[in-house]
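I have placed the structure first, in the form of structure tokens, so that the comments after it can refer back to it.
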Amino acid sequence: SQYGVLQKTLQRLLLKYYNDQGFPAKRLKDLPALKRVVTPRNAFNIQKFCAKRRGVDWEFSFEQWWNVWEQSGHWAERGPLGYVMCRKGDVGPYSVENVFIATNRFNASSRRSKKSGLPMGVRREKSNNFSAVYGVKGEKIYLGMYPTMEQAHAAYLSALGEGAII
């Protein structure tokens, strides 16, 4: 290819550094060098490949996918520590109607925790209200009590200082 990275090499690297759910493996520190050689077309193919591996439907043409990134203004800041393409509610296909660009931190905080079924940063209290809590350097910071889990999660996201770019 133009950048000296063949498609088979990219596939080998993806299989080596990403697990079955498409999340970065422990050797994430090795990926920034790969990011420098990935063109928009290659990034499209990589994301499509990862979605297929995770069993997520892909309904984008390259032009539609690129338009979402271009309109966000965050193409140069993408990646594990920057911006990513997210699906609404982390369900459904990758399609124009079902994606938005947000920070990876926002995307991770929008997942429900596996054990409780509550969003990140939200706890159910004995009073059946919800509290918002976040951690800084191992210390939990209490953000308040809320009548709904959505309000508590909004307080958590606000405290993180992160937001979605829709």
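What's counted below: heavy atoms across the whole structure, side chains too, no hydrogens, waters or symmetry copies. Note that the coordinates shown come from a computational prediction; the quantities given were computed from them, not determined experimentally.
- Considering CZ of Arg123 and CE of Met145, their distance stands at 8.5 Å, rounded to 0.5 Å.
- Note: Tyr156 and His153 have parallel aromatic rings, judged against thresholds of 30 and 60 degrees for the angle between ring planes.
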Which pairs of donor and acceptor atoms, one on a side chain in residues 93-100, lie under 3.5 Å apart (sequence neighbours left out)?
unit_1	atom_1	unit_2	atom_2	d
Tyr94	OH	Arg54	NH2	3.3
Ser95	OG	Glu97	OE1	3.3
Asn98	ND2	Val91	O	2.8
Asn98	ND2	Pro93	O	2.8

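- In plain terms, the two heavy atoms of Val122 and Met149 that are nearest each other are CG2-O, 4.1 Å.
- Using a 4.5 Å heavy-atom cutoff, the side chains of Trp69 and Ile101 are in contact.
- The closest side-chain heavy-atom distance from Tyr142 to Ser131 is below 4.5 Å.
- A ring pair (Phe, Tyr, Trp, His ring centres under 6.0 Å) with Phe44 is found for exactly one of Trp75, Phe49, Trp58, namely Trp58.
- Residues Arg87 and Val56 have side chains in contact (heavy-atom distance under 4.5 Å, counting atoms from C-beta outward).
- Looking at heavy atoms from C-beta onward, Asn45 lies out of side-chain contact with Phe62 at the 4.5 angstrom threshold.
- The two residues Ala132 and Ala152 make their nearest non-hydrogen contact at CB-O, 3.3 Å.
- For the pair Leu118/Arg124, a side-chain contact is recorded, criterion being any heavy-atom separation below 4.5 Å from C-beta on.
- Defined by atom type and a distance below 3.5 Å, a donor-acceptor pair is present between the side-chain atoms of Trp65 and Gln47.
- To the nearest 0.5 Å, atom NZ of residue Lys48 and atom NZ of residue Lys52 are 8.5 Å apart.
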Which is it for Met85 and Val68 under the side-chain contact (heavy atoms from CB on, under 4.5 Å) test, yes or no, and what are the steps along the way? CA-CA 9 Å; Met85 185 175 284; Val68 170; 3.8 Å; yes
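- Looking at heavy atoms from C-beta onward, Phe130 lies out of side-chain contact with Glu125 at the 4.5 angstrom threshold.
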